[in-house]
Amino acid sequence: MLKRTLLASAAALALLAATAPAQAVSIMYAEWLASLVEPGIANYEAATGEKVEAIKLPGAAYDQRTSLDLAAGTAADVIQLDSFMVSEFASSGYLEPLTESAKGWDQYQYYMPGLLDVASYDGAVYALPTDTDVRMLWYDKSNFEKAGITVPWEPKSWADVLDAAQKLKDAGVQYPFQLPAGIKQGEGATMQGFYMALLGADVPEGDRNRLLNRETGQWIGDSPAIRKTLELYRKVYHDIGQPADLNYAADPGAAVREALANDQLGILASGSWEDACLWDCNGVNLPSREERDAMVGWTPWPGSGDPGNKATTNISGGWTIAVNSKAADKAKAFQLLSTIFDVGNFKDWTIKNHRMGVRTDISESPEYMADAYLAKATALAADTTGRDTIPGYQTVSALVQTMTTEILDGASVEDTVKNYHDALVDEFGADKVITYE
Amino acid sequence: MRHQANPWITSNLWLLSAAMLPAIILVGALLFFTGWAITFSFTDLGLTGRKAVEWSWVGLENYERLFTRKGFLESLWTTVIFVFFSAIVGQSVLGFLLAATLRGTVSTTRSVVEVCIMLGWLLPDIVAAFLWSATTSQTGLINSLFVVPFGLKPINFINDFALPVVTLANIWKGTAWSYLLFVAALDSVPREIIEAAKIDGATRWQRAWLVVLPIIRPHIATNLLFITIWTFTYFPLIFAMTGGGPGRQTETLALFLYNQSFARGNLGFGSAISVAMLLIVGALSTVYLRMLREPK
């Protein structure tokens with residue numbers, strides 16, 4: 001009797017499964033990338049007649065959400081990822097290598113090899129980049145005039161930057177120097193803030209100005225550069241008195257935009273995307289080029305000014321889109337990926353949003369080359385460097401953010417570095433951590 | 001008479017097992033997740049990277065780090081302050097006072113106040129967080145209504161007084177629960193007993209302290225039990241309002257756990273934090289449950 005019931009239910013289930021439509025391809029992306037992803041989805045749906053399950057997420061805590069979903073096996077088939085996470089996820093087996101599928105796609109050849117390297121692990125490409133970037137100091141021109149600082153502003157050392165921040169503070173600007181700090185903004189605090197300063201804090205030899213000795217693969221647990229960078233944070237947040245709240249706002253990006261709109265912002269350490277994102281990341285209702293240029297300017301991040309250090313610093317990141325290794329239909333997932341990156345859609349988005357191109361067929365196009373802003377930003381990219389994108393970087397980055405947290409709390413540089421060193425040893429073992437005197 | 005179940009049911013083993021299935025699944029799931037956290041608190045399991053697949057046993061290392069590394073004890077202290085002031089002092093005492101004072105008032109006043117209290121409770125945490133952030137910022141409502149008009153310099157409340165602001169927000173958000181519970185509790189106090197105390201010459205204060213409070217003691221304990229557990233592990237409002245900052249000023253254990261597990265990506269350490277939280281909440285619950293028992 002029981003056997004027969006079971007058989008009958010099994011048959012019913014099989015029937016149900018057969019009549020159910022094939023599972024739709026799904027994609028996870030951050031809200032700010034909608035203007036690239038959504039037209040791609042529409043094109044895919046038009047071409048295949050299949051619906052795409054689009055999961056649009058807020059930009060805040062996006063990295064944590066994708067990490068958790070991938071670890072739990074519940075992530076979408078196609079996933080937008082910060083480029084530094086690609087090797088991390090690939091090493092845990094969460095991502096599908098794309099090298100084979102990409103060979104059959106005629107536009108793959110145009111991707112710049114250096115940028116594919118960032119999205120590779122163990123010799124295989126695991127994601128395709130959406131854009132790359134450079135980092136700089138943005139400043140509000142009207143507040144600079146109010147504080148009596150010459151525009152265009154060309155600081156040559158940290159002393160020049162701090163001096164300007166002090167003048168802005170004295171002139172009543174509420175946020176004289178927004179130097180990203182703390183853990184809430186995640187990678188933004190590491191890249192736009194800490195790493196940009198770190199690179200100019202010591203001589204580049206032996207990776208003394210980095211978090212990782214790239215030759216030996218050891219993390220740097222204590223160095224003069226790390227201490228000097230923390231000292232800079234201390235000066236900005238305690239001596240000059242930059243308020244910390246922008247780093248902890250309900251939506252930090254929106255808080256910065258609001259501060260700029262209210263004329264409360266002096267200097268902002270950020271990146272090339274701000275040419276659009278200071279108003280709207282998806283490029284909606286941007287003020288004209290002239291209006292934007294009248295409001296804000298930017299200058300390269302200077303080094304500390306000590307002899308032998310870099311005169312200006314830069315570090316590049318960027319985002320990517322990858323395929324989940326658990327995707328039900330990997331061919332369809334790749335088709336969606338390549339439709340999003342199809343030259344028509346991709347070129348439009350790159351140029352309209354002033355993103356730095358990752359493909360020669362776009363970056364060598366006349367429209368791209370005619371854009372004055374992109375030309376200037378690309379010049380900065382000539383002397384850039386990348387993150388330490390080896391597995392473990394995500395953890396180190398969170399620990400770096402924790403260092404800035406402790407400085408905000410008023411901890412001494414000495415204690416902060418000690419806690420950082422201890423945490424690195426906890427995570428990677430004593431033989432993977434070195435100290436520079 | 002001993003209760004007898006229907007013999008058809010007791011003899012039908014299949015039906016019995018089928019009826020028990022939901023309970024077994026529920027208990028099983030509860031035990032599984034707790035067991036998972038306890039097991040992995042003895043490992044170095046990572047969220048991503050190689051340690052996500054090739055984790056190893058590390059013994060008590062994660063538990064040692066709760067005490068030897070910065071973060072846990074600081075967050076525990078922040079949590080204790082947050083729970084004490086926002087849940088126990090704020091929600092519970094305020095809820096009780098409101099319930100006690102509104103009992104005698106006319107129904108319209110009472111309805112208006114009740115609706116106001118409920119609004120905070122019904123609003124989603126994220127909306128409440130944006131509301132509070134906007135109200136307490138330098139250009140926010142409080143400054144433009146109460147500070148600037150009096151010629152004072154605007155104060156950046158959410159930056160300068162982060163923990164008090166978050167505490168206040170949580171009182172505003174959660175008082176409705178305690179209020180409702182105490183209204184029901186006070187209704188259950190028999191009128192005759194109060195009348196009798198009055199005739200015996202007890203003052204208003206004596207009636208409240210010596211008659212009403214002992215009668216509703218179990219309700220007080222139940223309320224404290226619930227709000228302590230909730231507030232101890234409460235996450236969304238603080239996360240959205242301050243993300244634990246500035247610095248670590250509002251980093252309660254729930255946020256510390258989140259940052260260690262999902263930002264730093266150390267699920268082993270995160271599990272140890274959650275087990276420690278479980279033990280602390282468990283100990284507090286035992287105290288409250290003892291309060292629930294009738295004194296001998």
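First the proteins, then the strands, lettered A, B, ... as listed; each starts at 1. Keep in mind it's a predicted model, so treat the numbers as computed, not measured.
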Tell me, for Tyr258(B) versus chain A, whether the close heavy atoms (under 4.5 Å) come from the side chain, the backbone, both or neither.
-> side chain

Glu187(A), part contacting chain B, at a heavy-atom distance under 4.5 Å = neither

Tell me, side chain or backbone of Arg248(B) under 4.5 Å from chain A's heavy atoms, or both, or neither?
-> both

Work out which heavy atom in Ala240(B) is nearest to a heavy atom in Lys184(A); give both atom names and the distance.
-> O-NZ, 3.2 Å

Using non-hydrogen atoms and a 4.5 Å limit, figure out which bit of Tyr94(A) sits close to chain B: side chain, backbone, both or neither.
-> side chain

How many angstroms lie between atom CZ of Phe157(B) and atom CG of Asp245(A), to the nearest 0.5 angstrom?
-> 13.0 Å

Max heavy-atom pair count under 4.5 Å with chain A, selected residue of Asp160(B), Thr242(B), Thr139(B), Val53(B) = Thr242(B)

Contact class of Thr404(A) relative to chain B, heavy atoms under 4.5 angstrom | neither

Name the member of Asn156(B), Leu267(B), Ile158(B) that forms the most heavy-atom pairs with chain A at distances under 4.5 Å.
-> Asn156(B)

Under 4.5 Å to a heavy atom of chain B? For Ala72(A) that would be neither

Spacing of Arg65(A) atom CZ and Phe262(B) atom CZ [to the nearest 0.5 Å] = 12.0 Å

Let me know if Ala263(B) has heavy atoms under 4.5 Å from chain A in its side chain, its backbone, both or neither.
-> both

Distance (rounded to the nearest 0.5 Å) between Gln138(B) CD and Asn262(A) CG = 11.0 Å

Which pair of non-hydrogen atoms, one from Ile183(A) and one from Asn259(B), has the smallest distance, and what is that distance?
-> CG2-ND2, 3.4 Å

Max heavy-atom pair count under 4.5 Å with chain A, selected residue of Ile126(B), Asp44(B), Asn266(B), Leu255(B) = Asn266(B)

Most contacts with chain B, counted as non-hydrogen pairs under 4.5 angstrom, among Leu70(A), Leu399(A), Leu246(A), Val396(A) = Leu399(A)

When Thr395(A), Asp251(A), Asp63(A) are compared by non-hydrogen pairs under 4.5 Å with chain B, the top option = Thr395(A)

Return the option, out of Met241(B), Glu251(B), Gln249(B), Arg69(B), with the maximum number of heavy-atom pairs under 4.5 Å with chain A.
-> Arg69(B)

Okay, Asp415(A) and chain B: the region with an atom under 4.5 Å from a heavy atom over there is neither

Can you tell me if CG on Leu31(B) sees more than 12 non-hydrogen neighbours from other groups inside 6.0 Å?
-> yes

Which answer fits Gln185(A), side chain, backbone, both or neither, if we ask what part of it has an atom under 4.5 Å from a heavy atom of chain B?
-> neither

Lys70(B) side-chain N/O to Thr416(A) backbone N/O, donor-acceptor pair under 3.5 Å = no

So, the part of Gln174(A) with a heavy atom under 4.5 Å from chain B: the answer is side chain

Ranked by heavy-atom pairs below 4.5 Å to chain B, first place among Ala244(A), Ala398(A), Ser91(A), Ala250(A) goes to Ala250(A)

Just wondering, do Gln394(A) and Arg264(B) contact through their side chains at under 4.5 Å, heavy atoms?
-> no

Counting only heavy atoms not in Trp77(B), do more than 12 sit closer than 6.0 Å to its CH2 atom?
-> no

CG/Asp426(A) to CD/Glu64(B) distance, rounded to the nearest 0.5 angstrom?
-> 10.0 Å

Largest heavy-atom contact set with chain B, pairs under 4.5 Å, which of Pro243(A), Gly392(A), Pro391(A), Ser397(A) = Pro243(A)

Measure Asn247(A) against the heavy atoms of chain B and call it side chain, backbone, both or neither at under 4.5 Å.
-> neither

Residue pair Phe239(B) / Ala61(A): nearest heavy atoms and the distance that separates them | CZ-CB, 4.2 Å

